[in-house]
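The next block holds one structure in the form of structure tokens; read it before the comments.
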Amino acid sequence: MPKTIKGVGCPYCGSSCDDIEVVVSDDETKILEVHNACIIGTNLFHHANDPTRPRLPRKRQPDGSMKEIPYEEAIDWMAKTMLAAKKPLIYGFGSTNCEGMSAVARIAEKSGAVLDNCATICHGPSFLAIFDNGYPSCTLGEAKNRADVVVFWGCNPMHAHPRHTSRYSIFPRGYFTQKGQMQRTVLSIDPRETDTAKLADHHLMLDQGHDYELFDAFRTVLRGFDIPDVVAGIPKEKIKQSVEIMKNAKFCMIFFGMGCTHTDGRNHNIDAAISLTRDLNNHTKCSIMAMRGHYNIAGPGQVWSWQFGFPYCIDLSKGSHAHMNPGETSSVDLAMRDEVDCFVNVGTDAGAHFPIQAVQHLKKHPFITIDPNFCMASEIADLHIPVRIAGVDEPGVVYRMDNVPIQFRAVIKGLPGVPSDEELFDRVYERMCELTNTQPVWLAAKEHRKYPQNPAVS
Ligand code: SF4
């Protein structure tokens with residue numbers, strides 16, 4: 001008899017929807033139906049049924065082909081490779097659970113690695129701005145229940161976070177927003193007429209790369225000063241009208257995305273956005289939020305800040321203390337300067353999403369991919385180790401884009417013999433300890449872990 005599981009989390013985008021319902025086969029090995037998820041989330045769950053999912057690690061052979069090998073051999077190779085490297089780079093973690101992020105830290109410390117996550121090519125500039133200027137933010141529940149003016153600046157949730165507008169930002173009827181969309185004024189600030197812009201009441205189609213000027217103009221108007229007739233391609237009257245709307249809101253919510261972090265100015269755009277939010281708080285209540293991309297990309301920021309004091313670009317190669325300096329210790333910069341001699345790709349696809357020159361540098365050295373699926377990074381790797389899919393066949397904690405932790409559950413049984421990221425990292429760490437004749441450092445919680453410790457390590 002098929003079973004319906006409710007309250008399931010979707011492991012795809014930063015909306016981290018936790019109201020998904022999944023119908024699974026009676027033996028709990030197949031996903032039959034997915035309800036409530038958007039098309040991306042639905043596809044992700046169904047993909048878990050794919051009979052061609054890898055079940056064994058694959059290692060590149062001298063003739064260039066990939067050959068399946070047992071997990072023990074893959075773990076041994078990875079442990080030896082990490083220990084031999086002077087400065088390995090461990091990168092990714094947008095798509096795994098916090099348990100995996102925590103477990104990898106011991107490998108990173110033991111190998112003197114640089115530990116980095118996808119923020120480095122995504123909302124890293126937002127972190128830099130937050131360090132400089134603070135983060136007057138809130139939870140998505142606040143936005144749902146209170147926001148009567150919603151600004152999407154350089155983001156397109158209709159494509160990137162498909163249920164964001166229906167769960168949190170435009171359509172839901174909240175405690176103080178009982179009329180839902182009717183009660184909200186939506187502004188879209190984007191050089192393109194995106195599907196989000198089509199939904200908005202006002203679309204400011206600015207010149208691409210001129211966000212900083214426009215933020216400045218908003219602040220200048222808000223402070224009662226004059227601005228040129230046109231700023232960033234937007235007429236003065238339109239800017240004044242938008243500022244009036246934001247100023248007269250009961251609760252103004254600014255969501256921003258790659259349109260701000262990937263364009264000229266980068267972190268300075270976010271600096272200006274945060275300053276605008278501050279200024280608006282002299283008139284009304286205003287909050288700002290980064291549209292974090294992956295369902296748990298806020299996770300490494302939380303877990304590693306707790307472990308090392310830094311959210312990303314963490315250089316542990318000194319052996320005595322962690323050091324963070326994006327530009328110096330960020331993945332793409334390290335790769336472009338050819339400063340790392342081993343690359344570990346975890347829960348992401350650097351093969352597809354890094355600049356090609358960076359990939360070419362990384363490919364000169366051992367390249368290890370840890371991922372449940374075949375992807376660009378697995379196909380160019382020297383070693384590909386399959387793991388379970390967090391949120392589908394492995395449970396765990398994830399942090400939503402507003403840094404609210406959610407316990408995701410497993411809905412089907414994992415593939416036999418395929419470990420979770422956490423288990424894999426623990427086994428690699430144990431092997432590193434064996435090879436160096438050192439005692440593993442375990443957290444107390446490890447004594448209660450779900451799988452048995454390697455009996456070879458007491
Ligand atoms: S909006 Fe994002 S988290 Fe929600 S179902 Fe779609 S992909 Fe999944």
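Throughout, numbering of the chain's residues begins at 1 and tracks the sequence.
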- Item | Over 12 non-hydrogen atoms of neighbours within 6.0 angstrom of CD in Gln208 | no
- Side chain to side chain, Met289 and Tyr135, heavy atoms closer than 4.5 Å: yes
- Message: If I take atom CG from residue Leu115 and atom SG from residue Cys313, how far apart are they, to the nearest 0.5 angstrom?
- Response: 10.0 Å
- Item | Exercise: do Ser188 and Asp190 side chains pair donor with acceptor under 3.5 Å | no
- Test side chain to side chain contact (heavy atoms under 4.5 Å, CB included) applied to Val418 and Tyr71, step by step: CA-CA 9 Å; Val418 175; Tyr71 270 95; 3.7 Å; yes
- Message: Taking the basic N atoms (NZ, or NE/NH1/NH2) and the acidic carboxylate oxygens, is any pair closer than 4.0 Å for Arg219 and Asp279?
- Response: yes
- Message: My understanding is that only one of Asn269, Leu214, Leu187, Ile288 makes a side chain to side chain contact (heavy atoms under 4.5 Å, CB included) with Trp153; could you say which?
- Response: Leu214
- Item | From CA spacing to verdict: side chain to side chain contact (heavy atoms under 4.5 Å, CB included), Val392, Ile412 | CA-CA 6 Å; Val392 179; Ile412 51 171; 4.1 Å; yes
- Item | Full working for side chain to side chain donor-acceptor pair (under 3.5 Å) between Asn296 and Thr96 | CA-CA 7 Å; Asn296 194 22; Thr96 183; over 6 Å; no
- Query: Parallel, tilted or perpendicular: which fits the ring planes of Phe343 and Tyr91, with parallel below 30° and perpendicular above 60°?
  - Reply: parallel
- Query: Would you say Lys87 and Cys342 make side-chain contact, with heavy atoms under 4.5 Å?
  - Reply: no
- Task: Please check if any side-chain donor atom of His323 sits under 3.5 Å from a side-chain acceptor atom of Glu328, or the reverse.
- Result: yes
- Item | Full working for salt bridge (Lys or Arg N to Asp or Glu O under 4.0 Å) between Arg400 and Asp18 | CA-CA 10 Å; Arg400 202 169 61 185; Asp18 56 358; 5.2 Å; no
- When you measure from the side chain of Gln61 to the backbone N and O of Lys59, does any donor-acceptor pair fall under 3.5 Å? yes
- Under 3.5 Å side-chain donor-acceptor pair for Asp371 and Thr369: no
- Message: For the residue pair Thr139 / Asp402, report whether a side-chain donor-acceptor contact shorter than 3.5 Å exists.
- Response: no
- Query: Where do Phe425 and Arg106 land on the side chain to side chain contact (heavy atoms under 4.5 Å, CB included) test, with the steps shown first?
  - Reply: CA-CA 8 Å; Phe425 291 137; Arg106 283 181 290 274; over 6 Å; no
- Item | Pairing of Glu430 and Arg427 as salt bridge, 4.0 angstrom limit | no
- Query: Centres of the His384 and Phe367 rings: under 6.0 Å?
  - Reply: no
- Where the side chain of His262 meets the backbone of Ile121, is there a donor-acceptor pair that is under 3.5 Å apart? yes
- Task: State, without any angle test, whether Asn267 and Ser126 hold a side-chain donor-acceptor pair at a distance under 3.5 Å.
- Result: no
- Message: Can you confirm whether the side chains of Asn156 and Thr196 place a donor and an acceptor under 3.5 Å from each other?
- Response: yes
- Between Asn97 and Val397, is there a donor-acceptor pair closer than 3.5 Å when you use the side chain of the first and the backbone of the second? no
- Around Arg337, counting heavy atoms of other residues, nucleotides and ligands shown, do more than 12 lie under 6.0 Å from its CZ? yes
- Message: Between Asn345 and Ala377 (side chain of the first, backbone of the second, donor and acceptor by atom type, cut-off under 3.5 Å), is there such a pair?
- Response: no
- Task: I would like to know whether Asp50 and Arg53 meet salt bridge (Lys or Arg N to Asp or Glu O under 4.0 Å); could you show each step before the answer?
- Result: CA-CA 6 Å; Asp50 186 346; Arg53 263 177 69 187; over 6 Å; no
- Message: Which residue in the set Cys375, Cys118, Ser95 passes side chain to side chain contact (heavy atoms under 4.5 Å, CB included) when paired with Thr348?
- Response: Cys118
- Query: Between the side chains of His361 and Lys364, is a donor N or O closer than 3.5 angstrom to an acceptor N or O?
  - Reply: yes
- Atom pair CG (Asp116) and OG1 (Thr120), whose distance is rounded to the nearest 0.5 Å: 4.0 Å
- Query: Mind checking whether Ile69 and Leu383 have side chains closer than 4.5 Å, heavy atoms only?
  - Reply: yes
- Counting N and O atoms only, with roles assigned by atom type, does the side chain of Arg163 sit under 3.5 Å from a partner on the main chain of Asn36, one being a donor and the other an acceptor? yes
- salt bridge (Lys or Arg N to Asp or Glu O under 4.0 Å) assessment of Asp393 paired with Arg388: CA-CA 6 Å; Asp393 53 19; Arg388 293 189 184 174; 5.3 Å; no
- Message: Tell me if a side-chain donor or acceptor on Ser330 pairs with a main-chain N or O of Asp333 at a distance below 3.5 Å.
- Response: no
- Message: Taking CG in Asp63 as the centre, count heavy atoms belonging to other residues, nucleotides or ligands within less than 6.0 Å. Is the count above 12?
- Response: yes
- Donor on one side chain, acceptor on other, Ser15 and His161, under 3.5 Å: no
- Enclosure of Ile39 CD1 (heavy-atom neighbours >12, cutoff 6.0 Å): no
- Distance from Tyr399 atom OH to Cys98 atom SG, nearest 0.5 Å? 5.5 Å
- Is there a donor-acceptor pair closer than 3.5 Å between any side-chain N or O of Ser111 and the backbone N or O of Met82? no
- Item | Side chains of Glu394 and Asp421 in contact at under 4.5 Å (non-hydrogen atoms) | no
- Query: Would a distance-only check, ignoring hydrogens and angles, find a side-chain to backbone donor-acceptor pair under 3.5 Å from Asn117 to Pro300?
  - Reply: no
- Is the distance between the ring centroids of Phe255 and His164 less than 6.0 Å? yes
- Closest non-hydrogen contact found for Ala105 with Gln307 is CB-OE1, 3.3 Å
- Answer yes or no: are there more than 12 heavy-atom neighbours, outside Phe408 itself, under 6.0 Å from its atom CZ? yes
- In Å, rounded to the nearest 0.5 Å, how long is the span from SG of Cys260 to CD1 of Ile254? 10.0 Å
- Over all atoms of both residues, closest heavy-atom pair of Pro366 and Thr81: CB-CG2, 3.5 Å
- Query: Roughly how far, to the nearest 0.5 Å, is OG of Ser242 from CD1 of Ile189?
  - Reply: 6.0 Å
- Task: Begin from the C-alpha positions of Glu339 and Lys86 and carry the test salt bridge (Lys or Arg N to Asp or Glu O under 4.0 Å) through to its verdict.
- Result: CA-CA 10 Å; Glu339 282 183 21; Lys86 284 202 176 70; over 6 Å; no
- Indicate yes or no for a side-chain donor-acceptor contact from Asn49 to the backbone of Ile31 under 3.5 Å, with no hydrogens or angles considered. yes
- Note on the structure: d(Asp76 CG, Glu73 CD) to nearest 0.5 Å is 8.0 Å
- Query: CE of Met258: more than 12 outside heavy atoms within 6.0 angstrom?
  - Reply: yes
- Can you tell me if Tyr12 uses its side chain to pair, donor with acceptor, with the backbone of Tyr295 under 3.5 Å? no
- Checking side chain to side chain contact (heavy atoms under 4.5 Å, CB included) for the pair Thr329/Ile314: CA distance, chi angles, key distance, verdict? CA-CA 7 Å; Thr329 60; Ile314 305 162; over 6 Å; no
- Message: Side chains of Asp264 and His210 only: does a donor on one sit below 3.5 Å from an acceptor on the other?
- Response: no
